[in-house]
Visitor: 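The structure is given below, and queries will be raised subsequently.
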Amino acid sequence: PMLAWALHRISGLAIVLFVGLHIMSSFFMQQLGSDLATSVNIVYESVYFQCVMIFIVMFHALNGLRIIILDFWPKLLEYQREATWLQWAIFIPLFALTAVIMVMNHFQGS
């Protein structure tokens, strides 16, 4: 549970930083045509960066859903360990499938 807690906080911070940087990059690209904004957009378009962001967003969403369920039904708190394992059992194949599809599309040129 402590690892999930830490990862949830880190992933939330990463999402906030990404969205903020994305907004600033878009603004500078539109208003100034900045080379820095172009460089940042090249990083965004990288399939590896996108896989990392998908990992962060999916983990944060599923962990948040687990937390919501346990908060609404406190009797389930005694099954917190099982809920965490269920979260990972859902997350791993879902992320793996998404990552494989993204990488395949990248290398096929789609």
Side-chain angles (χ1 to χ4, degrees):
M2 188 56 120
L3 179 62
W5 177 86
L7 284 175
H8 192 73
R9 293 331 184 258
I10 292 168
S11 65
L13 182 60
I15 291 169
V16 168
L17 290 174
F18 169 73
V19 170
L21 187 61
H22 190 68
I23 290 170
M24 286 179 50
S25 170
S26 296
F27 172 77
F28 285 126
M29 185 68 166
Q30 260 186 344
Q31 299 301 320
L32 307 173
S34 170
D35 290 336
L36 177 63
T38 303
S39 300
V40 171
N41 284 334
I42 289 171
V43 171
Y44 290 161
E45 293 171 0
S46 163
V47 70
Y48 307 110
F49 181 82
Q50 290 176 5
C51 282
V52 169
M53 286 309 299
I54 291 294
F55 178 91
I56 290 170
V57 170
M58 278 186 178
F59 173 81
H60 192 80
L62 285 174
N63 194 55
L65 186 60
R66 179 186 63 86
I67 292 169
I68 289 169
I69 290 170
L70 292 177
D71 282 348
F72 275 119
W73 291 283
K75 291 181 181 180
L76 294 177
L77 280 174
E78 66 184 77
Y79 302 107
Q80 184 170 349
R81 182 177 303 269
E82 290 83 0
T84 302
W85 281 107
L86 178 62
Q87 172 196 338
W88 283 107
I90 294 169
F91 171 76
I92 290 171
L94 187 63
F95 172 70
L97 179 64
T98 304
V100 165
I101 290 171
M102 287 175 64
V103 170
M104 284 176 49
N105 285 339
H106 173 73
F107 287 118
Q108 290 177 353
S110 297

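Hydrogens, waters and symmetry mates play no part in the numbers below; they use all other heavy atoms, side chains included.
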Visitor: Any link between Phe91 and Val103 through a network of hydrophobic side chains (Ile, Leu, Val, Met, Phe, Trp, Tyr) touching at under 4.5 Å?
Guide: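 Yes, Phe91 and Val103 fall within the same hydrophobic cluster.
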Visitor: Test of understanding: clusters of I, L, V, M, F, W, Y form through side-chain heavy atoms closer than 4.5 Å, transitively. Do Ile92 and Leu97 belong to the same one?
Guide: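 The answer is no; the residues belong to distinct hydrophobic clusters.
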Visitor: Determine all donor-acceptor pairs shorter than 3.5 Å in which one atom belongs to a side chain in residues 46-58; sequence neighbours excluded.
Guide:
from, atom 1, to, atom 2, distance (Å)
Ser46, OG, Tyr48, N, 3.3
Gln50, NE2, Tyr44, O, 3.2

Visitor: Without placing hydrogens or testing angles, list every side-chain donor-acceptor pair under 3.5 Å for residues 5-25, not counting sequence neighbours.
Guide:
from, atom 1, to, atom 2, distance (Å)
His8, ND1, Asn63, ND2, 3.0
Ser11, OG, Leu7, O, 2.9
Ser11, OG, His8, O, 3.0
Ser11, OG, His60, ND1, 2.8
Ser25, OG, Asn41, OD1, 3.3

Visitor: Look up atom CG in Leu76 and atom CD1 in Ile69, then write down how far apart they are to the nearest 0.5 Å.
Guide: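 Separation between the atoms: 8.5 Å.
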Visitor: Would you mind listing every side-chain hydrogen bond (donor to acceptor under 3.5 Å, both in side chains) that reaches into residues 70-79, with sequence neighbours excluded?
Guide: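 side-chain hydrogen bond (donor to acceptor under 3.5 Å, both in side chains) check on residues 70-79 returns no pairs.
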Visitor: Decide yes or no for Leu77 and Gln80: does some side-chain heavy atom of the first lie under 4.5 Å from some side-chain heavy atom of the second?
Guide: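 Leu77 vs Gln80: side chains touch.
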Visitor: Would Leu86 and Trp88 show up in the same hydrophobic cluster when neighbours are defined by side-chain heavy atoms closer than 4.5 Å?
Guide: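 Hydrophobic grouping puts Leu86 with Trp88.
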Visitor: Among the clusters formed by ILVMFWY side chains lying less than 4.5 Å apart, do Ile68 and Leu70 turn up in the same one?
Guide: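 Per the 4.5 Å side-chain linkage, Ile68 and Leu70 are co-clustered.
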Visitor: In the single-linkage hydrophobic clustering (I, L, V, M, F, W, Y; side-chain heavy atoms under 4.5 Å), do Trp85 and Leu94 co-cluster?
Guide: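 No, no single cluster joins them.
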